[in-house]
Number of protein chains: 2
Amino acid sequence: MPVQAKQPDLNIGHRLRAVRTQERLSQRELARRSGVTNGLISQIETNHSSPSVASLKRILDAIPMSLAEFFGPDSEDRGKICFRARELLEIDPRMVFRNAPQAASIALHQVGIGPNRMLQILHERYEPGADTGMEKYSHEGEEGGFVLSGWIELTVGDEVNELGPGDAYLFDSRIPHRFRNLRDEVCVLVSACTPPSF
Amino acid sequence: MPVQAKQPDLNIGHRLRAVRTQERLSQRELARRSGVTNGLISQIETNHSSPSVASLKRILDAIPMSLAEFFGPDSEDRGKICFRARELLEIDPRMVFRNAPQAASIALHQVGIGPNRMLQILHERYEPGADTGMEKYSHEGEEGGFVLSGWIELTVGDEVNELGPGDAYLFDSRIPHRFRNLRDEVCVLVSACTPPSF
DNA sequence: TAACCCCGTTTAAAATAGTAATCAACCTTG
DNA sequence: CAAGGTTGATTACTATTTTAAACGGGGTTA
């Protein structure tokens with residue numbers, strides 16, 4: 001039986017071993033939980049066999065970890081953890097919303113500084129009349145938020161809604177979208193996107 | 001040859017057909033570009049065969065699309081975008097914080113339902129004395145949040161901080177962490193993590 | 001109608017993934 | 001040191017994927 005490395009670029013074996021050991025599981029224990037044999041896990045981790053996605057899913061389900069997570073990018077860096085209210089990074093809205101008619105009346109405060117994060121959290125404040133303009137489309141990922149006070153009109157694709165306190169949103173960043181404050185009252189919200197788009 | 005559906009839950013076939021047709025490619029054309037046979041693509045799309053990850057990768061490379069993208073949230077699915085305050089999904093804190101001494105006094109409301117999202121946004125409410133317990137370590141990704149009112153003690157690794165209104169945090173989910181409300185006042189915050197861990 | 005070109009599906013053979021069992025090596029504990 | 005437990009790796013054997021080549025259908029053109 002010739003033994004040969006099958007997928008040098010797609011190192012499933014290394015990744016699987018990494019997640020398994022991080023979970024402090026033995027091959028046998030993971031095999032028991034996932035319903036495959038320990039031999040298979042050994043072969044996968046040593047790249048002696050390239051699993052079917054069905055098998056890989058069964059194994060990851062026992063972690064549990066999604067296939068998307070498994071194939072996703074390794075997060076690496078660390079940095080500051082806590083940020084005081086006045087430490088938040090103020091961001092110029094005109095740098096973000098290029099063609100916004102009323103960008104000046106938007107205040108953005110970002111949690112953390114590094115561009116190397118997977119998650120970007122913003123405190124956003126929209127004065128009456130504030131308008132981001134229709135953003136063509138940003139990068140892959142998702143964007144969501146939670147309205148704290150006031151009202152904001154959110155346009156995503158051809159869907160339009162006005163959200164109030166306690167309301168929230170979540171959408172695919174690739175769809176063109178726009179935020180507008182139509183009311184006389186300031187609107188405040190907390191948003192998050194992944195990965196950072198600016 | 002008995003024909004049977006193999007993976008009803010993990011509908012690779014449907015997904016692959018979706019991305020292929022969106023690329024305006026025929027099975028044969030995609031087969032030519034990826035180096036597999038058109039028959040295989042047909043069988044995968046009809047769920048008559050469950051591909052190895054190696055095969056799936058070869059096919060996706062010809063799109064091109066990463067495995068993470070492929071298994072990520074459906075780029076096509078019509079997820080809801082806006083969620084009214086009372087539509088938020090209430091989550092049982094005991095399901096999230098397994099060994100929490102005071103999990104019952106934590107209220108969690110999630111934006112969106114699907115487990116297939118890249119971004120999980122939560123509205124969290126900690127009663128006085130609430131405690132998540134030290135979470136051993138969750139999965140890869142980042143976690144961040146923004147304190148709206150009250151005070152919360154956040155322990156990440158060996159770093160301890162108490163955060164108040166306007167303060168925020170952001171850290172690597174793999175580091176053990178804990179939230180505790182030491183005060184007499186309710187603490188409310190909005191958090192986000194990527195990717196979803198539950 | 002026939003001849004052609006594309007499409008997606010199906011079929012028998014070849015290649016490979018997956019199983020069950022065994023192996024040697026490493027800890028513990030007595 | 002020996003017994004009993006664990007670990008990860010390896011081996012024949014079986015089940016499944018994957019290939020290569022057909023099949024049947026729907027257009028277009030002559």
Side-chain angles (χ1 to χ4, degrees), chain A residues 1-67 70-71, chain B residues 1-67 70-71 76 136:
Chain A
M1 274 347 146
V3 172
Q4 50 193 358
K6 301 288 172 53
Q7 302 294 337
D9 53 324
L10 179 60
N11 256 356
I12 295 182
H14 184 259
R15 295 180 102 113
L16 179 56
R17 175 156 293 179
V19 313
R20 177 178 63 79
T21 53
Q22 254 185 342
E23 291 289 324
R24 315 245 189 270
L25 295 173
S26 67
Q27 291 181 345
R28 289 184 134 89
E29 174 60 15
L30 181 55
R32 194 187 57 72
R33 295 193 191 181
S34 58
V36 304
T37 59
N38 62 314
L40 176 58
I41 293 181
S42 173
Q43 294 182 58
I44 293 173
E45 292 189 354
T46 50
N47 285 325
H48 288 165
S49 162
S50 155
S52 70
V53 317
S55 301
L56 184 57
K57 174 162 171 41
R58 289 178 68 186
I59 294 170
L60 293 178
D61 281 345
I63 297 285
M65 171 179 280
S66 73
L67 287 160
F70 184 78
F71 289 112
Chain B
M1 267 353 138
V3 172
Q4 50 194 359
K6 299 286 172 56
Q7 300 295 337
D9 52 325
L10 180 60
N11 257 352
I12 295 182
H14 184 259
R15 295 177 101 114
L16 180 57
R17 175 156 294 179
V19 314
R20 177 178 63 81
T21 53
Q22 247 182 346
E23 291 289 322
R24 311 246 188 272
L25 295 174
S26 68
Q27 290 181 343
R28 290 183 133 91
E29 175 60 16
L30 181 56
R32 194 187 57 73
R33 296 192 191 183
S34 57
V36 303
T37 58
N38 62 312
L40 176 57
I41 293 181
S42 173
Q43 294 184 61
I44 292 174
E45 291 189 355
T46 51
N47 284 326
H48 288 165
S49 160
S50 151
S52 69
V53 316
S55 301
L56 184 58
K57 175 162 170 39
R58 289 177 69 186
I59 295 170
L60 293 178
D61 280 346
I63 298 285
M65 171 179 278
S66 75
L67 287 160
F70 183 78
F71 290 113
E76 28 135 359
K136 279 307 164 224

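Since the model is a prediction, treat every value here as computed from it, not as a measurement.
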**OP:** Could you tell me which residues satisfy side-chain hydrogen bond (donor to acceptor under 3.5 Å, both in side chains) with A:S55, sequence neighbours excluded, listed by chain and number?
**Re:**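 Checked A:S55 against side-chain hydrogen bond (donor to acceptor under 3.5 Å, both in side chains); matches are A:S52.
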
Subject >> Listed partners of B:R20 passing side-chain hydrogen bond (donor to acceptor under 3.5 Å, both in side chains), at least two apart >> reply: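 Counting only residues at least two positions away or on another chain, B:R20 forms a side-chain hydrogen bond (donor to acceptor under 3.5 Å, both in side chains) with B:E45.
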
Do you know which two heavy atoms are closest between [X] and [Y], and how far apart they sit?
X	Y	value
A:T37	A:A31	C-CB, 3.6 Å
A:T46	A:S42	OG1-O, 2.8 Å
A:S49	A:L40	OG-CD1, 4.4 Å
B:A62	B:R33	CB-CB, 3.8 Å
A:F70	A:I12	CZ-O, 3.9 Å

Output the rounded distance in Å from [atom1] ([X]) to [atom2] ([N]).
X	N	atom1	atom2	result
B:H48	D:dT19	NE2	C1'	18 Å
A:L16	C:dA17	CG	P	15 Å
A:I44	C:dT16	CD1	P	17 Å
A:R58	C:dA17	CZ	P	17 Å
A:E45	D:dT7	CD	C1'	12 Å
B:L30	D:dT18	CG	C1'	15 Å
A:L56	D:dT17	CG	P	15 Å

Evaluate the side-chain proximity of [Y] to [X]: yes if any heavy-atom separation is below 4.5 Å, no if none is.
X	Y	result
B:L30	B:I41	yes
A:I59	A:I44	yes
A:R32	A:Q27	no

Any side-chain N or O of [X] under 4.0 Å from OP1/OP2 of [N]?
X	N	value
B:S50	D:dT16	no
B:T46	C:dG8	no
A:S52	D:dT17	no

Polar atom pairs (N or O), protein with nucleotides 5-7 of chain C, under 3.5 Å:
from	atom 1	to	atom 2	distance (Å)
C:dC7	OP1	B:S26	OG	2.8

**OP:** Using a cut-off of strictly less than 4.0 Å between a heavy atom of the residue and any atom of DNA chain D, enumerate the qualifying residues of residues 33-43 of chain B by number.
**Re:**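 When residues 33-43 of chain B is checked for heavy atoms under 4.0 Å from DNA chain D, the hits, listed by number, are B:V36, B:T37, B:L40, B:Q43.
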
Atom pairs, protein N/O to nucleotides 24-27 of chain C N/O, distance under 3.5 Å:
none

Subject >> Partner residues of B:E23 under the side-chain contact (heavy atoms from CB on, under 4.5 Å) criterion, sequence neighbours left out >> reply: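 Checked B:E23 against side-chain contact (heavy atoms from CB on, under 4.5 Å); matches are B:L25, B:I63.
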
